[in-house]
Q: 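Quick one: the structure is below, questions incoming.
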Amino acid sequence: MKPNILVIDDEEAICASIRFAFEDDYHMFTTTNPHKALGLIKAKKIDIVLLDLRLGHVSGLDILQSIKEKDASITVIMMTAYASIETSIEAIKKGAYYYIEKPINIEKLSVLLLRASQFKHLANRLEKLENKENQRAFLGSSKAMKTVFTMIDRIKYIDSSVLISGESGTGKELVARQIHFSGKRKNGPLEIVNCAAIPENLLESELFGYEKGAFTGATAAKDGKCVAANGGSLFLDEISEMPLALQAKLLRVIQEREVTPLGSNKRKTLDVRIISAANKNISEMVKEGTFREDLFFRLNVIPIQIPPLRERKEDLPLLIDYFLNKYCDEMGRERKLISANARKQLLNYHYPGNVRELGNMVEYAVALSMGEIIEETDLPQFVHHPADDPSLTTTTEEITMPLGLSMKEVEKRMIAATLKYCNEHRQKTAKILKISERSLRDKIKIYDI
């Protein structure tokens, strides 16, 4: 299949000559308008971009950044005058594949495009292999996981909304990826938004996009994730952390299949499958009034529950061996073995952090073990003594505070002390304080802890 190549240059003659030279070997597209180019990249599913470093008053570096923000996998080759070689090298540091000097030597460009095409093809293959490898990290032969896989097979060719529930670290994002990449939308984009990781004031623009001048700092129009996911799937991770005001806007988008960017009156039609995930009980949140019931019904058309690792321990041997091989390879170590006692410790552990925690523990052991065999002493201390895990401990440690402190100061000191107790581990701190990680992050910022 011929790659799609887009030439962006403010000189029409250069665009025409390059298109003419390569139109037999590639699907060629050209434009002298750098802003129009961003729309072409998505509409034509561009693989390689030939980008002029200077486009009139527009910097090619800014366009390069916009391209990489839209799709980091696009291969960009900079075209530049000899005097701008240093800037071209800067562009390579920012993600460009290579550069070619002007005036363009067609033979050199032909070789460069061939290499770029091969690079793109290899990168796509590696990405697919990596996706499969990542999926294997959470696969299992347990009855509980087979039920999940059966559900994925049944729903992958339909567009109904899916809500994936499960504790942190169980692999909810992986299930979302399997639904997308094994179904009819696999050739479309999969856009991921972590509703807990993005500050509340930025989440709306991240989802719905904005027009130039919509707010301070909006120097150019930008499509949101909803539009970017057109023809594919939108995965809303930690949907339970979405503010109520934004929930109402998302509900309208799902109902009308249209989105209006901030600062615009124009609606954009959407063809997107919505996949959501939560580690909280949203049904309880609906009763508490912290999550909209109508949005919950829209998202929860097909519910999938991911079981915690402690309920499917028969998957542990497979997962342990997978992570052992994975981290030995990543660290350039010879393949290691695990002693019987160390394996027993791992099999008996309760895994409050689920598969993600298991992966971290094996990585720790591979990094610190000196011999060919991982022993008990190479495992984290809390594996031998689970009570040492701060997230599970009901501590009798006391914090002394003088009378007269404001509630804000009391809260600040409590958060700071709990963080210290948990060795700065925010997830465990949030568990002890019984607040979300997002709330914890916001309070740390507010109190400058």
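From a predicted model like this one, the values you see are computed outputs, not experimental measurements.
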Q: Holding to side-chain hydrogen bond (donor to acceptor under 3.5 Å, both in side chains), I want the full list of residues that pass it with Thr30, two or more places apart in sequence or in another chain.
A: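 Residues passing side-chain hydrogen bond (donor to acceptor under 3.5 Å, both in side chains) with Thr30: Arg19.
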
Q: For the residue pair Ile152 and Gln178, what are the closest heavy atoms and their distance?
A: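 Taking Ile152 first and Gln178 second, the nearest heavy atoms are CD1-OE1, 3.4 Å.
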
Q: So which of Ile302, Ile304, Ile282 actually passes side-chain contact (heavy atoms from CB on, under 4.5 Å) with Leu163?
A: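 The option that passes is Ile282.
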
Q: side-chain hydrogen bond (donor to acceptor under 3.5 Å, both in side chains) with Tyr447: which residues, sequence neighbours excluded?
A: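 Glu411.
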
Q: Looking at Leu190 and Phe235, what are the two nearest heavy atoms and their distance?
A: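 Shortest heavy-atom separation between Leu190 and Phe235 comes out as CD1-CB, 4.2 Å.
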
Q: What are the two closest non-hydrogen atoms of Leu202 and Ser205, and how far apart are they?
A: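 So the minimum-distance heavy-atom pair works out to O-OG, 3.0 Å.
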
Q: How about Ser168 and Arg356: do any of their side-chain heavy atoms sit closer than 4.5 Å?
A: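 Touching, per the 4.5 Å side-chain cut-off.
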
Q: Does the Asn279 side chain pair with the main chain of Gly166, one donor and one acceptor, at a distance under 3.5 Å?
A: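 A pair under 3.5 Å: no.
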
Q: Ion pair present between Glu241 and Lys280, side-chain N to carboxylate O less than 4.0 angstrom?
A: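 Salt bridge flag = yes for Lys280 with Glu241.
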
Q: Under the rule for side-chain contact (heavy atoms from CB on, under 4.5 Å), what residues qualify as partners of Arg426, not counting sequence neighbours?
A: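 Residues passing side-chain contact (heavy atoms from CB on, under 4.5 Å) with Arg426: Leu419, Leu440, Arg441, Ile444.
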
Q: Under 4.5 Å between any side-chain heavy atoms of Ser276 and Ile164, yes or no?
A: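 SC-SC contact between Ser276 and Ile164 ruled out.
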
Q: Taking side-chain contact (heavy atoms from CB on, under 4.5 Å) as the test, write out the residues that go with Arg335, two or more places apart.
A: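 Listed in chain order: Asn325, Cys328, Asp329.
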
Q: Might you point out which heavy atoms bring Arg333 and Ser369 nearest each other, and give the distance in Å?
A: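 Here Arg333 and Ser369 meet closest at NH1-O, 3.9 Å.
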
Q: Count the heavy atoms belonging to other residues, nucleotides or ligands that lie under 6.0 Å from NZ of Lys156, then report whether that count exceeds 12.
A: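 Enclosed.
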
Q: What are the two closest heavy atoms between Ser142 and Asp315, and how far apart are they?
A: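 That closest heavy-atom pairing would be OG-OD2, 2.7 Å.
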
Q: Salt bridge (Lys or Arg N to Asp or Glu O under 4.0 Å) with Asp271: which of Lys184, Arg257, Arg185?
A: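 By the salt bridge (Lys or Arg N to Asp or Glu O under 4.0 Å) criterion, Asp271 pairs with just one of Lys184, Arg257, Arg185: Arg185.
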
Q: For Phe215, enumerate each residue passing the ring pair (Phe, Tyr, Trp, His ring centres under 6.0 Å) test, keeping only those at least two apart in sequence or located in another chain.
A: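 Only Tyr210 meet the ring pair (Phe, Tyr, Trp, His ring centres under 6.0 Å) criterion with Phe215.
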
Q: Tell me which one of Leu113, Val7, Asp9 satisfies side-chain contact (heavy atoms from CB on, under 4.5 Å) with Ile18.
A: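 Filter result, single survivor: Val7.
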
Q: Would you call Arg54-Asp10 a salt bridge at under 4.0 Å N-O?
A: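 Between Asp10 and Arg54 there is no salt bridge, as every charged N stays at least 4.0 Å from the carboxylate O atoms.
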
Q: Is the shortest heavy-atom distance from the side chain of Leu295 to the side chain of Ile254 under 4.5 Å?
A: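 Yes, close enough: below the 4.5 Å cut-off.
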
Q: Does the side chain of Asp71 pick up a donor-acceptor pair with the side chain of Ser73 at under 3.5 Å?
A: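 Their side chains do contain a donor-acceptor pair, which is all the 3.5 Å distance test asks for.
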
Q: Give the ring-plane orientation class for Phe382 versus Tyr349, where under 30° counts as parallel, over 60° as perpendicular and anything between as tilted.
A: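 Geometry flag for Tyr349 against Phe382: tilted rings.
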
Q: Which residues pass the side-chain hydrogen bond (donor to acceptor under 3.5 Å, both in side chains) test with Thr290, not counting sequence neighbours?
A: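 Thr290 satisfies side-chain hydrogen bond (donor to acceptor under 3.5 Å, both in side chains) with no residue once adjacent residues are dropped.
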
